[in-house]
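Since the structure is predicted, the reported quantities are computational estimates derived from the model, not experimental observations.
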Amino acid sequence: MASSSLSVVLLLCLAAAASAQISPTFYDASCPVALATIKSGVAAAVSSDPRMAASLLRLHFHDCFVQGCDASVLLAGNERNAFGNVGSLRGFDVIEKIKSDVERACKRVVSCADILAVAARDSVVVGGPSWTVSLGRRDSDTASETLANRDLPPPSLGVADLNTRFAAKGLNLTDMVALSGAHTIGRAQCRNFRSRLYNEANIDPDFATARMATCPQPLGSGDGNLAPLDATTPDTFNNDYFVNLKLNKGLLHSDQVLYAVAGGATEEIIDGFASNPDAFSNAFAAAMVKMGNISPLIFPQGLIRRTCSKTT
Ligand code: HEM
Ligand SMILES: *[C@@H]1O[C@H](CO)[C@@H](O)[C@H](O)[C@H]1NC(C)=O
């Protein structure tokens, strides 16, 4: 066989092997209860704490942006100490509880990375769009605070720098705006939006005054006080986040910069999402699939952890 056709055959085999391993039906034979177990675990957690839906969604984002979706964010220490994570990420116990339920049914079969990807989807489904999660990601045996600080976007960034961080993960401007729509649910701490309240001009005055009441100016006071990222419907997954941006009611600097000047690239995308909820739902689902596919570890890479916070 000519060496070129041999390499074609090899490539086809490799492609077949890879696609056989990342697929929505990955656990159908090896752990048929996996998806239902994750779904009920998420539902229980969200019913006792509605904010948990937002926290699980964010956990998946912070996992995928650092070394890919490999559950590195769940390992104790390391990434969890990075700037955007420490004192902020929530939901570790929920994932650990789901993992132990899944382990009871199927020992060392389902990865923490997959559990997180499915939990993020199931968190949004109440009121928001759904999508099919491909499975077969494996877990890392490392995590890096340095990489987390390099790759996670802080809320102080402008559009160009935000775009650079997302583009580095294969996500385009439409994906970035759609994914920012995750801020239709959840809360932020005063320390992350104080400077916007007191220093920025493109903020609705009544909105600013209302937020200032629980986020006073002196540095350090009320740092941890929470405000909803979407003041209109704080716990409902809808397109109000984009409507708010058009009214200068974005909470974070990194939210409002997406709608600064009418007619810009991100502004056009936001106009579309603000006027058409289905357009947002479809773009969000597509972008979540893309984000969930960032650099997965495929067998024989990686491992299946028994406990999500440890490599053993
Ligand atoms: C565009 C760049 C982004 C920046 C700069 C950013 C920044 C932030 C910040 C500062 C907070 C508040 C954290 C705190 O105060 O403790 C937050 C919360 C949140 N973020 Fe983002 N974020 C971005 C994109 C995303 C994406 C892509 C997602 C998911 C797809 C997401 C989902 C969330 C959720 C759901 C919350 C609320 C979490 C909770 O209530 O526990 N964010 N984000
Ligand atoms: C961005 O990616 C989405 C898929 O997530 C695709 O539909 C869209 O055409 C892309 N946009 C650009 C400008 O490449």
Side-chain angles (χ1 to χ4, degrees), residues 46 50-51 53-58 61 120-121 123-131 153 155-160 162-163 166 171-190 192-215 225-288 291:
V46 172
R51 184 185 169 197
S55 304
L56 294 174
L57 176 57
R58 183 167 187 240
F61 161 49
R121 190 270 313 274
S123 293
V124 167
V125 164
V126 194
S130 189
W131 58 92
S156 54
L157 295 187
V159 181
L162 289 170
N163 189 27
F166 279 72
L171 298 166
N172 68 30
L173 211 58
T174 307
D175 298 321
M176 183 178 93
V177 172
L179 288 170
S180 297
H183 292 172
T184 175
I185 54 174
R187 305 292 183 275
Q189 303 175 62
C190 166
N192 285 315
F193 58 84
R194 177 188 284 113
S195 71
R196 167 157 167 70
L197 298 185
Y198 295 96
N199 300 318
E200 295 185 3
N202 60 344
I203 188 164
D204 175 89
D206 294 335
F207 173 71
T209 305
R211 291 285 84 95
M212 285 170 176
T214 53
C215 187
N225 291 354
L226 297 174
L229 284 156
D230 166 6
T232 317
T233 52
D235 295 311
T236 306
F237 200 100
N238 58 23
N239 69 337
D240 282 343
Y241 167 81
F242 300 104
V243 176
N244 291 338
L245 292 185
K246 296 184 66 166
L247 299 170
N248 282 336
K249 294 179 181 176
L251 185 64
L252 305 177
H253 173 79
S254 53
D255 292 324
Q256 196 59 56
V257 289
L258 300 174
Y259 206 97
V261 286
T266 51
E267 287 78 1
E268 269 185 26
I269 300 167
I270 289 167
D271 286 339
F273 293 162
S275 63
N276 184 346
D278 289 342
F280 167 51
S281 289
N282 293 335
F284 185 79
M288 284 298 293
M291 190 177 86

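Ser180 places a side-chain heavy atom less than 4.5 Å from the side chain of Leu258. Counting heavy atoms from C-beta on, the side chains of Cys215 and Phe193 come closer than 4.5 Å. At least one side-chain heavy atom of Val177 sits under 4.5 Å from a side-chain heavy atom of Phe273. Annotation: side chain of His253 is not in contact with side chain of Ser195 (no heavy-atom distance under 4.5 Å). Pro153 has its side chain within reach of Leu162: a pair of non-hydrogen atoms, C-beta onward, lies under 4.5 Å apart. Under the 4.5 Å side-chain criterion, counting only non-hydrogen atoms from C-beta, Met288 is not in contact with Arg121. Using a 4.5 Å heavy-atom threshold, the side chains of Ile269 and Met176 count as separate. Pro129 has its side chain within reach of Val124: a pair of non-hydrogen atoms, C-beta onward, lies under 4.5 Å apart.
Residue Asn199 holds its CG atom at 10.5 Å from CZ of Arg194, rounded to the nearest 0.5 Å. We find the CG-CG distance between Asn163 and Leu173 to be 5.0 Å, quoted to the nearest 0.5 Å. The CD atom of Glu200 sits 8.0 Å away from atom CD of Gln256, with the distance rounded to the nearest 0.5 Å. With values rounded to the nearest 0.5 angstrom, Ile185 atom CD1 is found 7.0 Å from Ser123 atom OG. The CD1 atom of Ile270 sits 6.0 Å away from the CD atom of Glu267 when rounded to the nearest 0.5 Å.
With 3.5 Å as the limit, one finds no donor-acceptor pair spanning the side chains of Gln189 and Asn225. At a cut-off of 3.5 Å, with distance as the only test, a side-chain donor of Asp240 or Asn238 sits close to an acceptor on the other residue. In this model, a donor atom of one side chain and an acceptor atom of the other lie less than 3.5 Å apart for Tyr259 and Asp271. Between the side chains of Asn244 and Thr232, a donor-acceptor pair is found at a separation under 3.5 Å.
When all heavy atoms are compared, the tightest approach of Ala54 to Gly186 is CB-CA, 3.3 Å. The shortest non-hydrogen separation linking Arg211 to Ala231 is NH1-CB, 3.7 Å. Summarising the geometry of Asp255 relative to Gly250, their closest heavy-atom pair is CB-CA, 4.3 Å, with the distance given to 0.1 Å. Between Leu251 and Ala227 the shortest heavy-atom distance is CD2-O, 3.9 Å. Annotation for Pro234 and Arg187: closest pair O-NH1, 3.5 Å, computed over non-hydrogen atoms. For the residue pair Ser130 and Val125, the shortest heavy atom distance occurs at OG-CG2, 3.5 Å.
The main-chain N or O of Thr236 is found under 3.5 Å from a side-chain atom of Thr184 such that the two form a donor-acceptor pair.
The aromatic rings of His183 and Tyr241 sit perpendicular, their planes meeting at an angle over 60°, well past the 30° parallel limit. Classified by interplanar angle (parallel below 30°, tilted 30° to 60°, perpendicular above 60°), the ring pair Phe280/Phe242 is perpendicular.
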Side chains of residues 201-208: which donor-acceptor pairs under 3.5 Å do they make with residues two or more places apart or in other chains?
unit_1: Asn202; atom_1: OD1; unit_2: Arg196; atom_2: NH1; d: 3.3
unit_1: Asp204; atom_1: OD2; unit_2: Asp206; atom_2: N; d: 3.2
unit_1: Asp204; atom_1: OD2; unit_2: Phe207; atom_2: N; d: 2.8

(message) Before you tell me yes or no, could you show the steps for Thr233 and Asp230 under side-chain hydrogen bond (donor to acceptor under 3.5 Å, both in side chains), namely the whole-Å CA-CA distance, both residues' side-chain angles and the distance that decides it to 0.1 Å?
(response) CA-CA 6 Å; Thr233 52; Asp230 166 6; 3.0 Å; yes

